[in-house]
Amino acid sequence: MRTLRSEFPSFDPKQKAWQDSHCHLDFADFDGDRDAMLARAQAAGVDRFLVPGVRQAAWARQFELGSHYASWHLAFGLHPYYTAEHQRADLDELPQWLERGALAVGEIGLDRTVDDFDKQLKFFQAQLSIAESLQLPVILHHRKSLDVMHKLVRESGVRDGIVHAFSGSYEQAQQWLDLGFRLGVGGVVTYPRAQKTRATLARVPAAGLVLETDSPDMPLQGYQGQRNEPARVAEVFQSLCALRR
Ligand SMILES: [Zn+2]
């Protein structure tokens, strides 16, 4: 059986091929050159992609594209960025998409910079309970919300997933690892100014780390202002290796 852990293995400094465990390849940003972008990824040794969902209105197209590309794996979820448009009926519909071979529920989470935190909490908790009932891992988005999310996930019974774009202290990292989670490492590792997170990622056991890009967002150092793409997960890998040497 394909699982998040089998298809998106943890960081290994000796690995020769890479997987992008978080990239929004269904976004319109890639409509003009999706095949060329995937060919560049393949040429860089990146052979598998986890494409998380963010809003109900995009799930059908995400599924259609995911059916077309054998290298894509999917997650479906309601992202806090789109809180204003999420509806109760979206939660009723979500399990039907998840049951079509999705590897995780996501991208879900809490974001203190987005309005209506109460509504975010309702949708986050509802999606955690869907994940728990379907025995699926979760892909978590956080911003200024890591500790409250840890409490809610712990209470939900979900014990597997990825904290996407992890940033935080070693103690926070350890709390997520203790809960059975792995930490997503992307472009942040390439920025010297991200001192605290880099110091954390240098110490966390390799089994607790997984590589990602968040394409088309979160460009690496040297590519600011450009669209990010999964070929660069190979550069994230190099940066992480250098940090842990
Ligand atoms: Zn994302």
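Both counts, for ligands and for their atoms, begin at 1 and track the order of listing. What you are looking at is a predicted structure, and each value in this text was computed from that prediction instead of being measured.
Other cluster members for Phe27: Val54, Tyr81, Tyr82, Val114, joined by side-chain heavy-atom distances under 4.5 Å among Ile, Leu, Val, Met, Phe, Trp and Tyr.
Classification of the Trp59-Phe76 ring pair by plane angle, with boundaries at 30° and 60°, yields perpendicular.
Residue Cys23: no N/O/S atom is found under 2.8 Å from the Zn ion (ligand 1). Within the 2.8 Å limit, Asp217 places no N, O or S atom next to the Zn ion (ligand 1). Because the distance cut-off is set at 2.8 Å, His164 fails to qualify as a neighbour of the Zn ion (ligand 1), as none of its N, O or S atoms comes that close.
Within Glu107, the N/O/S atom positioned nearest the Zn ion (ligand 1) carries the name OE1. For Asp214, the N/O/S atom at the shortest distance from the Zn ion (ligand 1) is named OD1. Among the heteroatoms counted here (N, O or S) of His22, NE2 is the one nearest to the Zn ion (ligand 1).
Judged as a ring-ring contact (aromatic ring centres under 6.0 Å, His included), and not counting sequence neighbours, Phe124 has no contacts.
Checked against the 6.0 Å centroid threshold, His22 and Phe49 do not count as a close aromatic pair.
Of the N and O atoms on the side chains of Gln120 and Asp116, not one donor lies less than 3.5 Å from an acceptor on the other residue.
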